[in-house]
Structures are given as structure tokens and as C-alpha cells.
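See structure below.
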Amino acid sequence: MRLSGKALLAVGAASALMLLTPSLASAAYYGSETDYVTNPTPADVDQYWAASQITGAHVYFTALGDWFKVYDTEKDGYSAVVEWRDVDGTRKGACVNKLGGGSSGACNKNFPEGHEIQFRAALYNNGNFVRSASSWSHNYA
């Protein structure tokens, strides 16, 4: 099958246009470290858990083992997330509970001892930010 010069020009122009068209950026959670919860969560025996809550998400952090717990408290289609940042370092990230409403799970991190860790509860829809607690809670690793 032979194509005319006009047909080849049209095909070439369409190909070039497709290469120049930016693709949609993929959604991302807070920071550069994203972890997904696992079950079971660590026990609450003799340890302090700092908390942050919004409707739909309750999150907790303990310095004993550097654990985050993430509870999805609503069947709203959103993922419950803890957004966190190491104030004394450069790390930022998210621990995501995609297990559905009424579920809980935990993420285990390894922060340098004595670093201040700030965190807050948030909701995401397929990696897109929905809302978060207005203030950051904190504890020390």
C-alpha cells in the first residue's frame, strides 16, 4: 500500500503532536516515601501513642519501634492516610490504608533517635489529596 505525500505528512504531524502532548501526571501521596499498611498492628502495651484525627481517619505514632497506626473509620471510598515528616531531617512520606472502611493497619519506619516526627491524619482518593487535619501532631523517635 502506497501513501501519498500528503498522507505521510499528516501521519508524521500526528505522531509529532502525540510526542509533544504531556501525559497526565500520576497522583502521589505526601512526600517521597509511600508505604502501605500491613496487619496486624503492634500491641498498645506500655507505650505512648500520639494521635491525629479527622472524620474518616484516625492515626497514631509511637516512638517505641517507630510505628504508625492508620484506622479508616468511614466507608466513604477514601483511603485513610498518615502524612509524616522528620523535622530534624529531610524525610517526608505517607502510610496508606487502602483496606477499606472499618479497617486498620500499621507501617513501621526507622527514624533516627531523638528526631521530632510530625504527622497528621488525611484522606486520599486514588492517590489524590482530599483533606487533612489542619494542624500537625508530633512525637519524638
Side-chain angles (χ1 to χ4, degrees), residues 1 3-141:
M1 174 174 164
L3 295 176
S4 70
K6 287 183 182 179
L8 286 173
L9 182 61
V11 169
S15 297
L17 184 59
M18 287 176 62
L19 290 173
L20 295 175
T21 303
S23 62
L24 293 174
S26 61
Y29 294 97
Y30 181 82
S32 60
E33 293 182 38
T34 300
D35 298 298
Y36 295 89
V37 300
T38 59
N39 274 325
T41 60
D44 293 336
V45 179
D46 295 330
Q47 57 190 315
Y48 171 74
W49 291 85
S52 174
Q53 300 178 1
I54 59 172
T55 300
H58 295 184
V59 302
Y60 303 88
F61 175 73
T62 184
L64 186 61
D66 297 337
W67 284 95
F68 287 105
K69 285 187 187 179
V70 183
Y71 293 86
D72 188 334
T73 62
E74 300 286 327
K75 294 184 180 194
D76 54 12
Y78 299 139
S79 295
V81 175
V82 58
E83 298 176 335
W84 59 266
R85 59 189 180 197
D86 180 350
V87 176
D88 300 314
T90 59
R91 292 170 61 191
K92 295 180 182 180
C95 173
V96 181
N97 180 347
K98 294 181 86 172
L99 302 175
S103 68
S104 66
C107 293
N108 186 222
K109 302 303 291 178
N110 185 16
F111 297 117
E113 294 302 313
H115 278 215
E116 180 181 2
I117 307 302
Q118 292 183 335
F119 64 97
R120 65 183 177 187
L123 295 175
Y124 280 74
N125 184 10
N126 293 319
N128 295 302
F129 177 80
V130 175
R131 69 177 176 274
S132 67
S134 57
S135 61
W136 292 85
S137 296
H138 73 99
N139 199 352
Y140 292 89

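Residue numbers run from 1 in the order of the sequence given.
Between Y48 and N139, the closest side-chain pair of non-hydrogen atoms falls below 4.5 Å. Looking only at side-chain heavy atoms (C-beta outward), D72 and L99 stay at 4.5 Å or farther from each other. Between F61 and S137 there is no side-chain heavy-atom pair separated by less than 4.5 Å. Contact check for D86 versus P112: side-chain heavy atoms found under the 4.5 Å cut-off.
Under the 3.5 Å distance criterion, the side-chain polar atoms of R131 are matched with a main-chain donor or acceptor of T55. Within the 3.5 Å criterion, the main-chain N or O of A80 finds no donor-acceptor partner in the side chain of N97. Formation of a donor-acceptor pair under 3.5 Å by the S132 side chain with backbone atoms of A121 is not found in this model. Without hydrogens or angle criteria, N108 side chain to G65 main chain gives a donor-acceptor distance under 3.5 Å.
The disulfide (SG to SG under 2.5 Å) pairs that include a residue from residues 99-141 are C95-C107, where partners are two or more places apart or lie in different chains.
When all heavy atoms are compared, the tightest approach of E116 to D88 is N-OD2, 2.7 Å. Closest heavy-atom contact between A141 and D66: CB-OD1, 3.6 Å. What you find for A94 and Y29 is that their closest heavy atoms are CB-CB, 3.7 Å.
Screening Y30, W136, Y124 for a side chain to side chain donor-acceptor pair (under 3.5 Å) with E83, the sole residue that qualifies is Y124. For the ring pair (Phe, Tyr, Trp, His ring centres under 6.0 Å) test with F111, the passing option among Y140, W84, W67 is W84; the others fail.
In this structure, CZ on F68 lies 8.0 Å from NZ on K109, to the nearest 0.5 angstrom. Separating the OG1 atom in T62 from the CD1 atom in I117 is a distance of 12.0 Å, to the nearest 0.5 Å. Note that OH of Y71 and CD of Q53 are 10.5 Å apart. Values are rounded to the nearest 0.5 Å. Rounded to the nearest 0.5 angstrom, S79 OG and K98 NZ are separated by 5.5 Å.
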Q: Check step by step if side chain to side chain contact (heavy atoms under 4.5 Å, CB included) holds for D76 and L123.
A: CA-CA 10 Å; D76 54 12; L123 295 175; 4.2 Å; yes
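Heavy-atom contacts from other residues, nucleotides or ligands closer than 6.0 Å to CG of N39 number more than 12.
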